[in-house]
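Here the structure comes first, spelled out in structure tokens, and everything after it is commentary.
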Amino acid sequence: MAFESLSDKLQNIFKNLRKKGKLTEEDVKSALKEVKLALLEADVSFKVVKSFMKDVQDRAVGADVMNGLNPGQMVIKIVSDELTSLMGSEMVDLKLNPQTSMTVIMMMGLNGAGKTTTSAKLAAKLKSRGYRPLLAGLDIYRPAAVKQLQVNAEKIGIDVYWDDKHEFLPPDIAKNAVGYAQQNGYNIVILDTAGRLQIDKDMMDELHEIKEKVTVDDSILVVDAMTGQDAVNVASAFEEKVGIDGVILTKLDGDTRGGVALSIRATVGKPILYVGMGEKLDDLQQFYPDRMASRILG
Ligand code: GDP
């Protein structure tokens, strides 16, 4: 389970604080040092940990923790609040236009991140909210990718638009897909773009061109939580080169240390909208920073 080790460590630190009742400044300092180590071991990026610890320390001093009735509890509350704020505090959703008009969502990410699966998961979620989504397969380089999209789409009763005659490049397929959607009563188009094995200029150029051909309402980056700090670097590169509105973090059901969830917002400045919690097409959950912080703190 994600965050298992971080969660265990923080719970232990807090248990010891609670047990003590009366705390010295030294107790608080050494507890916070342990919190810092636990975050670093969970693969939270160094810069994020540094600024997190500064915020916690500032508040702990400002709140006059040591003179309070229950200093241990106060330290725990401060860490919990700051963990939540690290992840963005408020839940953020897709920017969806009214159902009477069109919304275009562009899904981006490296191969294997979970983009195609997540596109289908998102379509299913939006369908259950009353929208009429159309999936568009833009990965012309891997025929298996469109096939996989079609197989998933069939399971959830969603239509797929693709260039069956192999006539167009992805930016034009995107444009045609939106035109098709407008003519056929769909109100959301989810573009499943082509990834690459790593950050690649052709991929970034292609994503740019898609954005020039169609009005994209949400540029969503799909990243794999299991890839740790790499995921944060990938997100920074996409933000810089294409621009992203939000992130979907996949494979949070796996044995990830969880650092990506805690680092991405502070590093890239963009929120996590949803998290992938399994391979099944209903394993996609809205991301609530406060609930995630409570989960970590147990
Ligand atoms: P793409 O290359 O980015 O389109 O990635 P795919 O959608 O093909 O996904 C790659 C693999 O990750 C597949 O085996 C998916 O079933 C799996 N996958 C995607 N999302 C999740 C998730 O949230 N949890 C788990 N456990 N597996 C996932």
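Just so you know, ligand 1 is whichever comes first in the structure, and atom 1 is the first atom listed for that ligand. These numbers were taken from a predicted model, which means no experiment stands behind them.
- Classification of R59 and D81 as a salt-bridged pair holds, one side-chain N sitting under 4.0 Å from a carboxylate O.
- At least one N or O atom of E279, backbone or side chain, sits closer than 3.5 Å to an N or O atom of ligand 1.
- The shortest heavy-atom distance from G109 to ligand 1 is not under 4.0 Å.
- For the residues G276, G114, S119, the heavy atom positioned nearest atom 19 (C) of ligand 1 is part of G114.
- Considering K121, K115, K251 only, the shortest heavy-atom separation from atom 18 (N) of ligand 1 involves K251.
- Atom CZ of F46 sits in a sparse spot, with 12 or fewer heavy atoms from other residues, nucleotides or ligands closer than 6.0 Å.
- Salt-bridge check for K121 with D283: failed, with every basic side-chain N at 4.0 Å or more from each acidic carboxylate O.
- Of the protein's non-hydrogen atoms, G278 O, 3.2 Å is the one closest to atom 22 (C) of ligand 1.
- Contact annotation: M107 has no heavy atom less than 4.0 Å from any atom of ligand 1.
- In this structure, D253 has a heavy atom closer than 4.0 Å to ligand 1.
- Near M277, with a cut-off below 4.0 Å to any heavy atom, the atoms of ligand 1 are 23 (O).
- Partner of T118 under the side-chain contact (heavy atoms from CB on, under 4.5 Å) criterion, chosen from I190, N152, V222, I220: V222.
- Scanning the protein for heavy atoms near atom 6 (P) of ligand 1, the closest one is T117 OG1, 3.5 Å.
- By the 4.0 Å heavy-atom criterion, L110 is counted among the residues contacting ligand 1.
- Remark: minimum distance from atom 8 (O) of ligand 1 to any protein heavy atom is reached at Q148 NE2, 3.1 Å.
- A salt bridge is absent between D202 and R196: the closest approach of a Lys/Arg side-chain nitrogen to an acidic carboxylate oxygen does not fall below 4.0 angstrom.
- Near R142, meaning under 4.0 Å from any of its heavy atoms, are these atoms of ligand 1: 2 (O).
- Scanning the protein for heavy atoms near atom 10 (C) of ligand 1, the closest one is G112 O, 3.7 Å.
- Summarising the local packing, CD of Q73 is surrounded by more than 12 heavy atoms from other residues, nucleotides or ligands at distances under 6.0 Å.
- The atoms of ligand 1 that sit less than 4.0 Å from any heavy atom of N111 are 2 (O).
- Looking only at side-chain heavy atoms (C-beta outward), L262 and M87 come within less than 4.5 Å of each other.
- Put simply, the side chain of I188 does not reach to within 4.5 Å of the side chain of R129, judged on heavy atoms.
- Under the 4.5 Å side-chain criterion, counting only non-hydrogen atoms from C-beta, V92 is not in contact with F287.
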